[in-house]
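Structure first, commentary second.
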Amino acid sequence: MENQNLNLLDRALGLDGPSEPWPLSGRVVLIEDCVETSGSFVLHQLVKRSLSPTSSNVIIFVAFANPFSHYDRILRKLGCNLVTQRDNKRFIFFDMLMLRCPDVDEGKSSEGGLVLLYEKILKTICGLPGDKKDYVTIMIDDISLVEVAANGGSDYVLDFLHYCHALTSEFDCSLITLNHEDIYSSMERPTLILQMEYLADILIKAEPLSTGLATDVHGQLTVLNKGTSHRLGRSGNKIHNFHYKLYVVLWRKKLVISIDKGYSSEKRSFRRTYHVNGRLGFWNLNTLCVTHLLNG
Amino acid sequence: MADTICRTLRDGGLEGEHAPALTIKDSKASPFGFDVFNYVLTQLSNYILAGKSQSRGLVVVAYSRSPSFYVDLLKRRGIDIASSHDWIHILDCYTDPLGWKNWLIDKDISQEASSLSSFCQDVRNLDKLYSLIIEQGKGLIGQGKDRFSIAIDSDVVQKFGFKVNPLLRSFIFFWWNLPDQVSSIFWLLHSDLHEIKFTSVLEYLSSMVASVEPFNQAAFGQRVDLENLSMLEQNFRKGKFHVRFKRRNGRVRVMCEEILVELAGIKFTPVLSEDEIINQRLLPKRYGFVQQVQFNLQLSEEERNERAKVVLPFEHQGNGKPIQIYDGRRSLGENKEEALVSTGKLQPDEDSGKGQIIYFRDSDDEMPDSDEDPDDDLDI
C-alpha cells in the first residue's frame with residue numbers, strides 16, 4: 001500500500017497494512033449518510049483503493065443510483081480510469097437503474113428480481129479465474145433504491161443481503177453498501193437499517209457536526225470498526241472520528257487528496273482548514289480532505 | 001455469573017422436568033450478544049467433551065454465521081472438531097436458507113455439506129426445521145438415555161420475513177413438545193428488532209435471561225460529539241451483563257456483571273459490592289444530590305470528634321485494671337474475683353452521688369470499635 005497517499009479514512013479501515021491479503025476480505029462495510037452529508041464519496045474512495053495498482057481486487061459494482069458515466073467521471077478525477085479497469089475485468093459494472101422487480105400482481109414475487117441479481121453476482125464470482133476469486137469486492141449503491149426496485153419489500157432486500165453476506169464467508173469477498181439513515185428516521189423500528197448494522201463489521205457514518213453547519217468543515221465521519229474474528233486473527237473494536245471537507249473541482253487536474261495530521265499536504269486549502277480547526281478549537285485537529293468531483 | 005449460566009446448562013434438567021433455557025439478548029447500542037453466545041457455546045462444548053455435562057451432544061442451528069465460522073471458533077479455543085465431531089452437528093441455515101441456490105438454472109454451482117453439518121434450505125417451514133433439529137440431535141446420541149443440547153445463533157423473525165404470531169405459535173409448540181432427550185437449549189435475539197411481545201414471550205419461556213446493555217445509556221442515539229464520543233467508545237468495549245435466574249421453587253434472582261470485549265474474547269468481571277452500589281445510588285456526586293437532601297447522610301468532622309469522646313459503658317475497663325471477660329466458665333479464681341467484685345465493686349458509690357453501670361465484656365461481644373450492627377444476626 002502506498003503509505004504516503006493514505007488518509008485518515010484508510011487508516012481507520014485498516015488499509016495501512018499490507019495490501020495482500022486485502023484487509024477488508026470477508027468483511028461487511030456499511031456506509032450510512034443523510035441528506036445533509038452524503039457518504040457517496042466514501043464509496044468512491046473505496047473504489048479507488050480497491051483498484052489501486054498494488055492490489056489484485058476485482059469490484060462487482062451494483063449501481064441502483066447512478067449510471068456508469070457518473071462513477072467514471074468521478075474516479076477519473078481521483079486518478080482511476082474505470083473504463084480501463086472494466087476492460088481489464090477488474091471493474092464489473094451492473095447497471096440496475098432500469099431494474100424493476102415483477103409485482104405480486106403479475107404472478108411473480110418481487111423476490112424474483114433479486115434472486116436473479118444474486119445469481120448474476122454468484123455466476124460472475126464463479127466465472128473469475130482462480131487467483132481472482134479471493135479478491136472480490138461487492139459494492140451496492142444504494143440499498144434504499146434496492147428496496148424501491150423490490151416494490152418496497154424490505155424483507156426481500158434483507159434476504160438478498162443475507163445471501164450477499166453468505167458470499168463473504170463462502171468466497172472471502174467483501175461487501176460494501178451505502179444506505180441513507182434519515183430515510184428511516186420516522187419509523188419506530190427501522191428493521192432494514194438495524195439488520196444491516198448488525199450484519200456490518202465496519203460501520204461508517206457520515207453526519208453533520210453536532211455544533212451545526214461550518215464553512216470549512218462539511219461533516220464528520222465516525223468509523224466503528226468491530227473487532228471480528230476472521231482467518232487473519234482477531235482484531236479489537238476501534239472507533240475513529242474525524243472531520244472532512246469536500247472539494248468541488250471543476251477542472252481536469254489530479255489533486256492531492258490525502259491529508260494526515262496536518263503535515264502531508266502541500267495545498268493551501270488544507271492549511272486553511274487546519275488553521276480554522278485550530279482557531280475554532282475543535283478537539284480533533286486531524287481533518288480528512290477528500291476531493292469530491294461533482295462535475296467533470 | 002456467566003459461569004453459573006454455563007453450569008446450569010451443563011447440569012440440564014431433572015427427570016420429567018423441562019430443559020433449562022437461556023435467552024441471550026442484546027441491542028444495537030451494545031451488540032455483544034453474539035460474543036456471549038460464543039462464550040456459552042465454547043464452555044458448553046468443553047463440558048461435553050470432558051464428559052462433565054448431562055448432554056452428550058450439541059446441535060448448533062447456524063442462522064447468522066457459516067458452519068466454518070464455528071469450526072474456526074472452537075479451534076481457536078482449543079477444540080478441534082474437524083478431527084472428532086461425533087458430539088456436534090451444525091444445521092446450516094446460513095448458506096442457502098431459502099433455497100435460492102436450488103432455483104439457479106446453472107447446476108454447476110453446487111454446494112456440498114461437510115460431514116459435521118447439513119443444509120436447511122427452507123427455513124420458513126418451521127415444523128420441518130424443528131423436526132430436523134431434533135432428528136440431528138437424536139442422531140448424535142443414538143437410542144440410549146443420553147441427552148443433547150441445542151444452540152440457536154439468531155432470531156429469524158425479520159430476516160426471513162416471518163410474521164411474529166405464526167412464529168411464536170410454532171416455537172411454543174416446539175418448546176412444549178421438546179423430547180426428554182433435550183438437556184438444555186439457548187438462543188440469541190436482538191431485542192430492538194422485535195416487538196416487545198415477542199421478546200417477552202421468549203423470556204417467559206426461559207429459565208435464564210442474559211441481557212447485554214450499554215455501559216453508558218446516554219451515549220446511544222445521539223449525534224457524535226466530543227462529549228459522547230468517549231462514552232460511545234466505552235460502549236464499544238464494555239457492557240453491562242444482567243442475568244435473571246428463575247429457580248425451580250419459583251424464586252427469581254437478578255445478578256449483574258460487566259463485560260469487556262478484548263482481543264482474546266469476552267471477559268466477565270464482577271461489579272461493585274452491594275454496599276458500594278447503595279452508596280453510589282445514594283450519593284451520585286455528579287448531580288450534587290447530597291446538597292439537596294433534608295438530612296445529613298454523613299457526620300461532620302466536629303460531630304465525629306464529639307462522638308469519639310463518648311465513653312461507652314464498658315470502656316472503664318483497661319484503665320490500668322485487669323480486664324475481666326466472662327467466658328461462661330466459673331473457675332475458683334474467678335469466683336474469688338467475682339466475690340470481690342460483688343462485695344467491693346458492685347456496691348453503689350454513695351459518695352459520688354452518681355449511678356454507674358458495671359459491665360463485664362462477654363467473650364462473644366464485639367470489640368468497642370466494631371462497626372458491625374449488633375442486631376445484624378437477628379432474623380427479623
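- Note that OG1 of A/Thr222 is 7.5 Å distant from CG of B/Leu232, once rounded to the nearest 0.5 Å.
- For chain A, no part of B/Asn38 is nearby; none of its heavy atoms comes within less than 4.5 Å.
- In this structure, NZ on B/Lys28 lies 7.5 Å from CD1 on A/Ile193, to the nearest 0.5 angstrom.
- Distance check, rounded to the nearest 0.5 Å: OG1 of B/Thr95 to CD of A/Glu170 gives 6.5 Å.
- Contact detail for A/Asn225 and B/Phe236: the closest heavy-atom pair is O-CE2, 3.6 Å.
- Residues A/Leu194 and B/Asp192 share a closest heavy-atom pair of CD1-O, 3.6 Å.
- With respect to chain A, the highest number of heavy-atom pairs below 4.5 Å among B/Ser66, B/Ser27, B/Ser68 belongs to B/Ser27.
- Relative ring orientation between B/His190 and A/Tyr198 is described as parallel, the plane-to-plane angle staying below 30° on a 0-90° scale split at 30° and 60°.
- Counting heavy atoms from C-beta outward, B/Trp100 and A/Glu119 have side chains that stay 4.5 Å or more apart.
- When all heavy atoms of B/Leu98 and A/Tyr163 are compared, the pair lying nearest together is N-OH, 2.9 Å.
- For A/Leu224, the parts sitting under 4.5 Å from any heavy atom of chain B are the backbone and the side chain alike.
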